[in-house]
Amino acid sequence: MRRKLAAGNWKMNGTSANLAQIEALKDAHVGALSEILIAPPTSLLHRASVVAENGPVALAAQDCHKGESGAHTGDVSADMLKDAGATYVILGHSERRADHDEHDEDVRAKARGALKAGLRVIICMGEELEEREADNTLDIIAGQLAGSIPDDIDGENLVVAYEPIWAIGTGKVPSVAQITEVHDFIRARLEHRFGLKIARAVRLLYGGSVKASNATEIFAIENVDGALVGGASLKAEDFSPIITALDKS
Ligand code: PEP
């Protein structure tokens with residue numbers, strides 16, 4: 001059985017005052033069935049891990065360098081993030097791919113570094129609107145899966161987040177049929193490459209304008225094991241009902 005996962009990505013938002021949101025989630029979800037994850041900015045990671053200690057909320061980083069250490073001014077390695085309290089790292093988010101010109105091979109190298117450091121990886125992928133309209137979604141996903149995911153995964157240490165770029169922060173959400181098609185496709189491709197046992201252990205998250213009002217419908221989809229949530233994860237009062245919907249799914 002895969003444990004459901006509700007992951008909140010704060011992106012470049014949050015200072016000390018926002019740690020209260022983690023405290024609120026911690027209090028509201030004692031005994032949660034789902035795994036709850038917050039990815040605060042790196043500046044808050046350690047303090048967030050102290051606040052979250054002995055509670056249901058775990059911490060993720062939003063990116064890492066592919067190497068262990070060295071002359072890379074401004075970069076942070078997976079070992080350092082783990083030391084600061086992260087147990088997961090989000091990699092290949094479309095904003096990193098766009099803002100930092102990250103390609104599948106960069107994401108794969110970072111994932112290898114993160115796995116080696118003992119972090120679980122959440123690898124993001126998704127199509128542009130023009131690619132969907134041209135009926136290229138599955139080809140794009142196949143390429144990103146093949147290029148971004150390293151060979152040395154055991155299933156439990158990998159989470160794949162399907163995030164159509166046109167749905168991120170826009171309020172637009174794909175239909176249930178569209179999400180189902182992509183998630184079934186990802187599971188099948190993982191099985192083809194890694195075998196049934198590993199493929200069945202990988203959690204598949206949907207991401208893109210998830211809110212309390214659409215969460216129940218999305219979580220009812222068979223191959224959706226949770227969500228990667230941006231905007232609606234910033235406040236506990238918005239994220240909490242999403243976690244509750246996942247617990248009930
Ligand atoms: C995201 O950026 O990963 C995301 C899903 O954002 P939002 O929920 O705000 O669409």
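If you're wondering where the values come from, they're calculated on a predicted model, not measured in any experiment. Note that ligands are numbered from 1 as they come in the structure, with each ligand's atoms numbered from 1 the same way.
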query: Roughly how far, to the nearest 0.5 Å, is the CG atom of Asp63 from the CG atom of Asp75?
result: 7.5 Å

statement: The reported gap from CD1 in Ile90 to CD1 in Ile122 (rounded to nearest 0.5 angstrom) is 5.0 Å

Against heavy atoms of [X], which atoms of ligand 1 measure under 4.0 Å?
X: Ser209; value: 7 (P), 8 (O), 10 (O)
X: Leu228; value: 5 (C)
X: Lys11; value: 1 (C), 2 (O), 6 (O)
X: Glu163; value: 1 (C), 3 (O), 4 (C), 5 (C)
X: Gly208; value: 5 (C), 10 (O)
X: Gly169; value: 7 (P), 9 (O), 10 (O)
X: Ile168; value: 1 (C), 2 (O), 4 (C), 6 (O), 10 (O)
X: Ala167; value: 10 (O)

So is there a nitrogen or oxygen of [X] less than 3.5 Å from a nitrogen or oxygen in ligand 1?
X: Val229; result: no
X: His93; result: yes
X: Gly231; result: yes
X: Asn9; result: no

message: Tell me whether the rings of His183 and Tyr162 are parallel (<30°), tilted (30 to 60°) or perpendicular (>60°).
response: perpendicular

message: Students should be able to answer this: which protein heavy-atom is nearest to atom 8 (O) of ligand 1, and at what distance?
response: Gly230 N, 2.8 Å

query: Do any heavy atoms of Lys211 fall under 4.0 Å from ligand 1?
result: no

message: If the contact criterion is a heavy-atom separation under 4.0 Å, does Ala232 count as touching ligand 1?
response: no

query: Less than 4.0 Å between a side-chain N and a carboxylate O, is that true for Arg3 and Asp225?
result: no

task: Taking only Lys NZ, Arg NE, NH1 and NH2, and the carboxylate oxygens of Asp or Glu, determine whether Asp151 and Arg108 approach each other closer than 4.0 Å.
output: yes

query: So, Gln178 side chain and Ser175 main chain: donor-acceptor pair closer than 3.5 Å or not?
result: yes

- request: State whether the side chain of Arg97 and the backbone N or O of Cys124 hold a donor-acceptor pair below 3.5 Å, judged by distance alone.
  value: yes

- request: Please report the closest heavy-atom contact between Ser209 and Thr170, naming both atoms and the distance.
  value: OG-N, 3.4 Å

statement: Closest non-hydrogen atoms of Lys26 and Val57, given as atom of the first, atom of the second and distance, are N-CG2, 4.1 Å

query: Does Arg112 CZ have over 12 foreign heavy atoms under 6.0 Å away?
result: no

